[in-house]
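Worksheet: the structure to be examined is printed underneath.
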Amino acid sequence: MATVVSHQAIASHKPSSFKASHFPKEPLNVPIKLRQKQFKIQATSSSQAPLLDPVLSPSKTIPQSYKKKSNEASLILIRHGESLWNEKNLFTGCVDVPLTEKGVAEAIQAGKRISNIPVDLIFTSSLIRAQMTAMLAMTQHRCKKVPIILHDESEKAQTWSHVFSEETRKQSIPVIAAWQLNERMYGELQGLNKEETAERYGTQQVHEWRRSYHIPPPKGESLEMCAERAVAYFEDNIQPELAFGNNVLIAAHGNSLRSIIMYLDKLTSQEVTSLELSTGLPLLYIFKDRKFMRRGSPVGPTEAGVYAYTKRLAQYRQTLDETL
Ligand SMILES: O=C(O)[C@@H](CO)OP(=O)(O)O
């Protein structure tokens, strides 16, 4: 079954509808797991003191009043916009190259398409092309919240990036960068031209390296190996957020997203070989009753059908319309 995916999601939380009680004393809506790992709530009312400190004890991290927000959540997947090496037709993998001007435009266009879909939390890979895409897309979001990258590479990085205003935090969206969402490592193909590689090794061989599930490129990751870390990360860190009711945007890569879509859509290792993702096209899923329902790629933020998908999305857009 061949599947070409693109999509577009919708709404945003209008500030007035976003009750502080959803995230009592929470920083940036920090997700449960990350919050457990990275933060503890500091018991102080001083405006001078940080509202959050690095975790000292995970057991102290979950406020008693923390309750599930919703039984339903939106999940938006976006493959990054065109990169400089996409343009040159080079195998890229884990080489960290930026977007082209076209890629920037694609990311902005993706943002327009999802400008009415709620986003509480953003996950990206650790690579700049995915991060640029997420950030550029969010410039278009009607909620006008500010995406902020959480830095957990050191205790100092955590401490130095604290936000001291609760109001400011409420107007922010945490961005979590995870290497597990990186593009598959393309081994000895990284930097090689795809067409020349096909001429040298044969079209069939190169197609197997690029699209088969089990066969890795020389000294690189097969899709199966990529799935082991990307899907594990999704299950451990992203799915719990959706189950809690947080709406999530993931900006990542052709192959890390193929492996996640394989998991979401329950594709076989044969079916995934024909799954192709276009650059910069958002794809919307609804997570409800522990199931993922793919909703495709809405054409524009005003497309009526998008809002028919769920009452919650329609309400969210209506709230935006009334507030902004
Ligand atoms: O070069 C890469 O990293 C990927 C994505 O651009 O290529 P492919 O389409 O071959 O998986």
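We count ligands from 1, going down the list as the structure has it; atoms in each ligand are counted the same way. If you read the sequence from its start, that first residue is 1, and numbering goes on from there. Please read these numbers as outputs of a predicted model, since none were measured by experiment.
- Between Tyr186 and the options Arg184, Glu183, Glu188, a side-chain hydrogen bond (donor to acceptor under 3.5 Å, both in side chains) holds for only Arg184.
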Begin from the C-alpha positions of Glu82 and Arg129 and carry the test salt bridge (Lys or Arg N to Asp or Glu O under 4.0 Å) through to its verdict. CA-CA 8 Å; Glu82 182 196 70; Arg129 57 194 187 272; over 6 Å; no
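- Residue Gly93 has at least one nitrogen or oxygen atom sitting less than 3.5 Å from a nitrogen or oxygen atom of ligand 1, judged on distance alone.
- Protein heavy atom at the shortest distance from atom 9 (O) of ligand 1 is Arg211 NH2, 2.7 Å.
- Comparing Glu276, Arg210, Lys194 by heavy-atom distance to atom 7 (O) of ligand 1, the nearest is Lys194.
- With Tyr233 as the aromatic partner, Arg229 does not meet the cation-pi criteria of under 6.0 angstrom to the ring centre and within 45 degrees of the ring axis.
- Residue-ligand proximity, Asn86 to ligand 1, at heavy-atom distances under 4.0 Å covers atoms 6 (O).
- Nearest non-hydrogen protein atom to atom 1 (O) of ligand 1 is Thr92 N, 2.8 Å.
- The 12-atom threshold is not exceeded at CD of Glu101, counting heavy atoms of other residues, nucleotides or ligands nearer than 6.0 Å.
- Set against the non-hydrogen atoms of Leu90, the atoms of ligand 1 under 4.0 Å away are 1 (O).
- Cation-pi geometry between Lys194 and Phe91 is met: under 6.0 angstrom from the ring centre, within 45 degrees of the axis.
- A heavy-atom distance below 4.5 Å is not found between the side chains of Met185 and Cys226.
- Contacts between Tyr186 and ligand 1, counted as non-hydrogen atom pairs separated by less than 4.0 Å, involve the side chain only.
- Counting heavy atoms under 4.0 Å from ligand 1, residue Gln190 does not touch it at all.
- Applying the 4.0 Å criterion to heavy atoms of Phe91 picks out, from ligand 1, the atoms 1 (O), 10 (O).
- Of all atoms in ligand 1, numbered sequentially from 1 with element shown, those under 4.0 Å from a heavy atom of Glu183 are 3 (O), 4 (C), 5 (C).
- Every atom of ligand 1 is numbered from 1 in the order shown, and the set under 4.0 Å from a heavy atom of Arg79 is 5 (C), 6 (O).
- You'll find the side chain of Leu223 reaches within 4.5 Å of the side chain of Val272, heavy atoms only.
- Ring geometry for Phe292 against Tyr285 counts as perpendicular: the plane angle is over 60°, on a 0 to 90° scale with 30° as the lower cut.
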